[in-house]
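Written below as structure tokens is the structure these notes are about.
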Amino acid sequence: MKMKSVAVANPKGGIAKSAVSVNLGHQSIEQGNRTLLVDFDKQGSLSLAFPRTADPSKRYIKTVDLFGTPDGLVGAELEYVTPTVAIIRAEKEDFEALRALERAPDDFAKRPARVLRELSDKFEVGVFDTPGVIGVPLLAALTAADAVVCPLALGLFETDGLAQLWQIIRQVKSGGFNPKLRMIGMLPSRVNTRDKMAMAELESLRKHPQLGPIILPFMLAERVPVARAINMRKPVWQGAKTASHKAAGQEWKHACSHVLTSLEG
């Protein structure tokens with residue numbers, strides 16, 4: 001079975017892209033899928049969320065390797081964090097190299113897709129975390145993915161980035177990078193449900209003639225248990241005891257389940 005992959009993308013930082021990526025990974029694992037996690041973000045948040053369990057004497061495929069020549073992969077292997085879950089990490093020592101790739105020629109964005117296609121028979125689901133900046137790594141993730149889900153934060157600066165997002169997706173679909181890229185939807189994230197202005201803005205966006213139909217019919221509220229779960233490297237819904245934690249768990253599990261189910265379509 002060929003891997004189905006989703007990129008979590010938005011060219012704005014701090015809007016829960018990595019948190020969504022991490023929990024999509026957890027949900028895929030809980031569903032029993034053979035899962036490949038790829039960290040295209042130089043910050044390495046997805047990598048940090050899944051601790052190393054592999055042999056330090058071996059050489060593993062890193063994100064920066066995906067942009068190199070085939071010779072650069074000789075002798076490298078996938079790093080498995082469990083028998084059915086592998087990760088391609090954005091290593092700290094590659095920070096500057098990944099930052100330089102943001103300004104590389106656009107053709108570099110096609111290289112990771114070729115490598116990931118060769119690995120696709122080994123996995124059922126792929127989850128790609130992306131950087132909050134426009135550049136080749138973001139373009140590469142969208143080029144390699146079957147679908148994209150876009151966390152959406154509310155606010156003047158955050159929603160102003162929507163035009164950039166659409167421009168990038170149009171470039172990917174019409175510029176010969178990935179014509180089949182499918183939009184799963186926009187996922188309202190880090191929503192302050194006590195802020196009447198924010199809730200009114202979300203309601204307005206849902207009624208927008210172009211944006212409304214692609215905004216998913218649920219949201220991820222700003223809740224303390226979410227940050228705690230990330231810090232403990234576990235799914236938001238695991239071990240929920242308080243009302244706030246249970247509410248957060250239901251929101252995140254529902255959203256992640258929806259994304260993975262949509263990926264199958």
Side-chain angles (χ1 to χ4, degrees), residues 6-24 27 41 43 45-46 127-135 138 141-142 145 147-173 181-230 235-237 240 242-263:
V6 58
V8 183
N10 192 314
K12 287 286 185 181
I15 60 171
K17 286 192 302 294
S18 293
V20 171
S21 298
V22 168
N23 281 276
L24 280 173
Q27 178 66 11
D41 186 0
Q43 301 293 340
S45 297
L46 179 63
V127 178
F128 306 159
D129 194 17
T130 68
V133 61
I134 297 173
L138 172 58
L142 295 173
V148 56
V149 61
C150 305
L152 170 66
L154 304 174
L156 176 64
F157 297 146
E158 289 78 8
T159 53
D160 184 60
L162 293 178
Q164 292 178 315
L165 178 62
W166 294 130
Q167 182 178 355
I168 294 166
I169 292 175
R170 281 197 300 269
Q171 178 185 358
V172 170
K173 290 175 68 70
L181 180 66
R182 183 164 52 87
M183 167 66 85
I184 290 176
M186 307 189 74
L187 175 58
S189 305
R190 302 190 66 178
V191 179
N192 183 351
T193 56
R194 297 181 180 181
D195 185 338
K196 293 181 179 180
M197 185 176 295
M199 296 305 293
E201 180 183 358
L202 177 57
E203 184 65 21
S204 177
L205 287 172
R206 290 196 188 280
K207 294 177 179 178
H208 191 280
Q210 282 79 44
L211 295 177
I214 59 171
I215 296 178
L216 297 177
F218 37 78
M219 65 181 177
L220 302 175
E222 184 78 71
R223 299 181 191 274
V224 172
V226 176
R228 289 178 179 167
I230 295 296
V236 173
W237 52 86
T242 67
S244 178
H245 195 171
K246 290 178 180 178
Q250 290 174 353
E251 290 170 357
W252 281 78
K253 194 166 186 67
H254 185 194
C256 290
S257 297
H258 176 87
V259 171
L260 294 179
T261 299
S262 299
L263 192 57

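Counting heavy atoms from C-beta outward, Glu203 and Lys207 have side chains that approach closer than 4.5 Å. Residues Gln210 and Trp166 are not in side-chain contact: their nearest non-hydrogen atoms beyond the backbone lie 4.5 Å or more apart. You'll find the side chain of Leu202 reaches within 4.5 Å of the side chain of Met219, heavy atoms only. Inter-residue side-chain proximity for Ser244 and Val224 is flagged as unmet; no heavy-atom pair is nearer than 4.5 Å.
The NZ atom of Lys12 lies 9.0 Å from the CD1 atom of Ile134; values are rounded to the nearest 0.5 Å. Going from atom CG of Leu216 over to atom CG of Leu152 covers 9.5 Å, rounded to the nearest 0.5 Å. Interatomic distance, Leu24 CG to Leu46 CG, rounded to the nearest 0.5 Å: 10.0 Å. For the atom pair CG (Leu154) and CE (Met197), the distance works out to 12.0 Å, reported to the nearest 0.5 Å. Expressed to the nearest 0.5 Å, how far CG of Leu142 lies from NZ of Lys173 amounts to 11.0 Å. Rounding to the nearest 0.5 Å gives a distance of 7.5 Å between CD1 of Ile214 and SG of Cys150.
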Could you walk me through whether Thr130 and Lys17 pass side-chain contact (heavy atoms from CB on, under 4.5 Å), step by step? CA-CA 7 Å; Thr130 68; Lys17 286 192 302 294; 3.8 Å; yes

When you look at Glu222 and Val191, which way does the side-chain contact (heavy atoms from CB on, under 4.5 Å) test go after all the steps? CA-CA 5 Å; Glu222 184 78 71; Val191 179; over 6 Å; no

Going through the checks in order, is the side-chain contact (heavy atoms from CB on, under 4.5 Å) test met by Val8 and Phe128? CA-CA 6 Å; Val8 183; Phe128 306 159; over 6 Å; no

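The stretch residues 209-220 participates, sequence neighbours left out, in no salt bridge (charged side-chain N to carboxylate O under 4.0 Å, His left out) pair at all.
A side-chain donor-acceptor contact under 3.5 Å links His245 to the backbone of Val236. Within the 3.5 Å criterion, the main-chain N or O of Asp129 finds no donor-acceptor partner in the side chain of Asp41. Looking only at distances, a side-chain donor or acceptor of Ser257 sits under 3.5 Å from a matching main-chain atom of Lys253.
The two atoms that bring Asn23 and Trp237 nearest to each other are O-CH2, 3.5 Å, heavy atoms only. Of all heavy-atom pairs spanning Leu165 and Ala9, the tightest one is CD1-O, 4.3 Å. Arg190 and Gly14 make their closest contact through NH1-O, 2.8 Å (heavy atoms, listed as atom of the first residue, atom of the second, distance). Annotation for Val127 and Ser21: closest pair CG1-O, 3.6 Å, computed over non-hydrogen atoms. Counting all heavy atoms, side chain and backbone alike, Pro11 lies closest to Gln164 at CG-CB, 4.1 Å. For the residue pair Asn192 and Ala198, the shortest heavy atom distance occurs at O-CB, 4.1 Å.
Residues Glu251 and Arg223 are paired through a salt bridge, judged by an N-O separation under 4.0 Å between the basic side chain and the carboxylate.
Annotation for Arg206: atom CZ counts as buried by contact number, over 12 foreign heavy atoms lying within 6.0 Å.
With Val6 as the partner, the side chain to side chain contact (heavy atoms under 4.5 Å, CB included) test is satisfied by one option alone out of Leu263, Val148, Val20: Leu263.
In this pair, Phe218 and His254 present their aromatic rings tilted. The plane angle is within the 30 to 60° band.
Scanning for side-chain hydrogen bond (donor to acceptor under 3.5 Å, both in side chains) contacts around Ser189 gives an empty result, with sequence neighbours left out.
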